[in-house]
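So the structure is just underneath, and the comments pick up after that.
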2 protein chains.
Amino acid sequence: MMGIADVARLAGVSKSTASRALTGAGYVSAATRERVQRAAAELGYVASTSAVSLVTGRTRNVGVVMPCVNRWFFAEVLEGIQDSLLEEGLNLTLYDAQPGTPGRRRIFEEFLSRKQFDGLIAVGLEPEDAELARLRRIGTPVVSIVGGAEGLSVIALDDDHAARRATDHLIALGHRRILFLGGGAPDGPKVAGSDVERARREGYRGAMADAGMGDLAQHVVSSLSLPSGYAAAVDVLGSRDRPTAIVGVCDEVAIGAIIAARRLGIQVPNDLSVVGIDDHEYAEMFALTTLRQAPREQGAAAVRTLLDHLADPERPPTVIRAQARLVVRNSTGPVNPRRSAAVADASLGRL
Amino acid sequence: MMGIADVARLAGVSKSTASRALTGAGYVSAATRERVQRAAAELGYVASTSAVSLVTGRTRNVGVVMPCVNRWFFAEVLEGIQDSLLEEGLNLTLYDAQPGTPGRRRIFEEFLSRKQFDGLIAVGLEPEDAELARLRRIGTPVVSIVGGAEGLSVIALDDDHAARRATDHLIALGHRRILFLGGGAPDGPKVAGSDVERARREGYRGAMADAGMGDLAQHVVSSLSLPSGYAAAVDVLGSRDRPTAIVGVCDEVAIGAIIAARRLGIQVPNDLSVVGIDDHEYAEMFALTTLRQAPREQGAAAVRTLLDHLADPERPPTVIRAQARLVVRNSTGPVNPRRSAAVADASLGRL
DNA sequence: TTGAAAGCGTTACCAG
DNA sequence: CTGGTAACGCTTTCAA
């Protein structure tokens, strides 16, 4: 095991000088620095992280907690975080805290209090009270993506606004029978993403109400996944008085609806308009109109914010709430008068 | 900052005794242990990881390197690893080493040599020679998932075998015009997954050759993603002399082909059979016949193997090569005689 | 069964 | 600009 002592000896200087030369802190003559660096390179010396951390109090390590990594949004955020961290020479310790698992409990009770990192990024966590309490007591800065909490810095999408714009877009195209697809049952059990889903549903409702169509608002339950969106849409679209437009709680659900429509012979966008929220990697393939959020950039922003907090511990928490941009593709179009009429007929029981 | 000294003081014992009581190593009377633990709990004491690592030489931390986290397979493997690690009370440090990025270079040149972890799991890395050399010199055990290398323990799928079985399944159904969809151009640039793709293509070719249909073997390029599979399949299926069956290099590509077929009005499985490799989360929704690999379990197995190496450093490397199991759903069926004839006609130029 | 003391490999402080 | 020395917080001999 090669230590800085070996480097110092080879370079013919003291440990202190070697340390200064290598870390760049403090005065060292150019010649000495050169000599020490050469020696270190020759020996393949790498400083022991534990020793450095022990004495400096910094781990050069950032913790990331998220409820899963196998969903598009989370994976993207994670890559965004990783990229930024790498640039700063910081390590990423991952905690995959799936709700309701013993692993999650352990993460909150043991791992997070180990102070193995200089700061923490929590993504879409929707922590319970006990968990939130632990988060606060961590002692290092915490930045939250998606969800927020008093006293933490937050990077999030304005979900209400996104859903509102999605709905408004459909309304502007003349749609009235607009369905909101996705999210849990109004008083079902709490699952990952349910806060987000609720906010989006509220946005949808708000837009409908503002357009004087509050009584037409309709919500069908679906998990935030493509197969689930597909299954739910098959049910919904099978009925005679089906909607002319669907707001998907997220792109995967919206795409599920498009696939369902195709299978049932319903033309998109002629007979059915579909809009999502995300701008998922599949959105383009399905020509999905959607509200773009940029998860990678959210990840990068979280790292920046965290770094700011690290540099100045007194810095008050900040909240960034981004507005999604509408990306119009080909899954939405003006309401089809024929279908519309047929629907009207159907609803009057004449067909 | 509370140290073990504070715990010791409160419990009225020495640091050594406190340490023994807390770590469980060495003799401590039950009464003392009780007292120390109570004191620790009262103070909310948590041992400093860096201090412990410094003295024990163990970080209780496992590194995981993969070329991306936003693809199904990798995300699943990652969750499998995380679950197992959590159970063992080990931390996971993630390195997302996307090929060709400066980040990747940095990971190999700086991070991996920091010895911040007790062991490393490399997933689908396909390292270049220089990278592999670094991997070997890490000094901690390395377990590889997917790819392998002399001297490392490996957990992998038998890709050749999987593709063979996929192809045999189609042959047994009477198909002759079977296309292999996916993977890079034979001598294109090296991209993530290209070794895997090559092995699967070989398996396909082998099966075709063994059935005396080697000259019918046909390969169309596609990236390992759903949109890419879709686009490639649209091209392929648009032509009059299209295949009656497709082997997708992975499920996403296969599903892309199914979606393409539907769009073109081609019935699956009546007019086209499609088989994939993976058993992706969407496979069931598309009734995709596929060869199941279990990435979570591969992750778990890698952790087990790594732990074995940690427990016994002399343990020679092991290689586990799993055989995928055929899961028959509804995307494959007997070749349709009518279409088959039409194709034969077309190929003779009579249509 | 317990305590004192010696490190683990660095950085940081203080003289020189 | 450089070298000695004291931490950093813990585990681990070694004696008692």
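Below, read A as the first sequence line, B as the second, and so on, with proteins coming before strands; counting in each chain starts at 1.
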Heavy-atom protein contacts under 4.0 Å, nucleotides 11-16 of chain C, coded B base, S sugar-phosphate only, - none: BBB---
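- Protein atom CE of Met2(B) is 17 Å distant from nucleotide atom C1' of dC8(D), rounded to whole Å.
- The distance from the CG atom of Leu307(A) to the CZ atom of Arg315(A) is 10.5 Å, given to the nearest 0.5 Å.
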Step-by-step side chain to side chain contact (heavy atoms under 4.5 Å, CB included) determination, Arg296(A) to Asn70(B): CA-CA 11 Å; Arg296(A) 299 185 90 93; Asn70(B) 60 4; 4.3 Å; yes
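- Residue-environment remark: CD (Gln98(B)) exceeds the threshold of 12 foreign heavy atoms within 6.0 Å.
- At a threshold of 4.0 angstrom between heavy atoms, the contacts of Thr32(B) are confined to the sugar-phosphate backbone, with no base atom among them.
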Steps toward side chain to side chain contact (heavy atoms under 4.5 Å, CB included) verdict (Glu88(B), Val62(B)): CA-CA 11 Å; Glu88(B) 301 289 334; Val62(B) 168; over 6 Å; no
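- At distances below 3.5 Å, not a single donor-acceptor pair connects side-chain atoms of Asp83(A) with backbone N or O atoms of Gly80(A).
- Side-chain atoms of Ser113(B) come within 3.5 Å of backbone N or O of Glu109(B) as a donor-acceptor pair.
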Sequence neighbours excluded and cut-off under 3.5 Å, please list the side-chain donor-acceptor pairs for residues 137-148 of chain A, or say none.
from	atom 1	to	atom 2	distance (Å)
Ser144(A)	OG	Gly147(A)	O	2.5

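- Atom CD of Glu34(B) is separated from atom P of dT1(C) by 16 Å (rounded to the nearest Å).
- The nearest whole Å value for the distance from the CG atom in Leu54(A) to the P atom in dC10(D) is 9 Å.
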Leu310(B) and Arg58(B): CA distance, side-chain angles, deciding distance, side chain to side chain contact (heavy atoms under 4.5 Å, CB included) verdict: CA-CA 10 Å; Leu310(B) 253 26; Arg58(B) 312 218 111 186; 3.9 Å; yes
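- Distance Arg9(B) CZ to dG9(D) P: 12 Å, rounded to the nearest Å.
- At distances below 3.5 Å, not a single donor-acceptor pair connects side-chain atoms of Arg106(A) with backbone N or O atoms of Phe111(A).
- Taking atom CZ on Arg114(A) and atom P on dC10(D), their separation rounds to 14 Å, with Å as the unit.
- The side chain of Ser14(B) places an N or O atom within less than 4.0 Å of a non-bridging phosphate oxygen (OP1 or OP2) of dG3(C).
- Atom CZ of Arg58(B) is separated from atom P of dT12(D) by 11 Å (rounded to the nearest Å).
- Rounded to 10°, the helix from dT1(C)-dA16(D) to dG16(C)-dC1(D) has 40° between the axis fitted to its first five pairs and the one fitted to its last five.
- Applying the 4.0 Å criterion to OP1 and OP2 of dC1(D), one finds that Thr17(A) has every side-chain N and O outside that range.
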